[in-house]
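Worksheet for the structure shown next.
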Amino acid sequence: MGTTRRRIVVRGMVQGVGYRWSMAREADRRGARGWVRNREDGAVEAVVEGDEETVDALVAWARRGPAGAVVSDVDVQDAPPGRLGAFEIRP
């Protein structure tokens, strides 16, 4: 089983609701690697890496987000896998 990496951009009411912290907790729980950050345009961006099942599960989670988030759009793009470390929250 190979490594899958996807870049995810989540739009809607996703800043100020604990989205990044919740995603990091979910990624840690599933053993994913990567990062998540708030963007200046109000979206949340993440790069998630792991086995395909893990990455797919995090993409599905991103479409819902934590309680309090209102997700209106999720853009998912495949990316070439690399050597990401433990999942982190970036500024």
Side-chain angles (χ1 to χ4, degrees):
M1 190 178 252
T3 299
T4 299
R5 180 189 281 192
R6 294 202 178 100
R7 179 179 170 268
I8 306 166
V9 177
V10 185
R11 293 177 181 83
M13 193 175 82
V14 293
Q15 290 190 15
V17 295
Y19 197 101
R20 293 177 300 152
W21 285 269
S22 296
M23 179 178 254
R25 184 175 44 231
E26 187 70 14
D28 285 343
R29 185 177 78 78
R30 294 183 177 275
R33 298 175 305 279
W35 53 265
V36 63
R37 68 179 181 151
N38 283 341
R39 293 181 7 161
E40 288 185 18
D41 65 1
V44 169
E45 179 180 18
V47 172
V48 178
E49 188 173 84
D51 62 62
E52 189 170 3
E53 183 179 330
T54 297
V55 173
D56 286 347
L58 277 167
V59 169
W61 181 92
R63 295 184 190 283
R64 296 184 312 274
V70 178
V71 176
S72 62
D73 183 57
V74 178
D75 180 41
V76 180
Q77 298 176 345
D78 290 330
R83 298 193 183 247
L84 294 172
F87 203 87
E88 65 180 352
I89 298 170
R90 291 187 176 175

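- In this structure, R33 CZ and E49 CD are separated by 4.5 Å, a value rounded to the nearest 0.5 Å.
- Not counting sequence neighbours, the partners of T54 by the side-chain hydrogen bond (donor to acceptor under 3.5 Å, both in side chains) test are D51.
- For residues 81-91, the pairs satisfying side chain to side chain donor-acceptor pair (under 3.5 Å) are E88-R90, with sequence neighbours left out.
- Alongside I89, the hydrophobic cluster contains I8, V10, M13, V14, V17, Y19, W21, M23, V36, V44, V48, V55, L58, V59, W61, V70, V71, V74, V76, F87 (criterion: ILVMFWY side chains under 4.5 Å).
- Under the salt bridge (Lys or Arg N to Asp or Glu O under 4.0 Å) criterion, D28 pairs with no residue at all, not counting sequence neighbours.
- Contacts of W35 classified as ring pair (Phe, Tyr, Trp, His ring centres under 6.0 Å), with partners at least two apart in sequence or in another chain: none.
- Identified under the salt bridge (charged side-chain N to carboxylate O under 4.0 Å, His left out) test for residues 55-66, with sequence neighbours left out: R6-D56.
- Heavy-atom minimum distance, P66 versus S22: CB-OG, 3.4 Å.
- E45 places no side-chain N or O within donor-acceptor distance of the main-chain N or O of R39, the cut-off being under 3.5 Å.
- Listed for the Q15 side chain is a donor-acceptor partner under 3.5 Å among the backbone atoms of A43.
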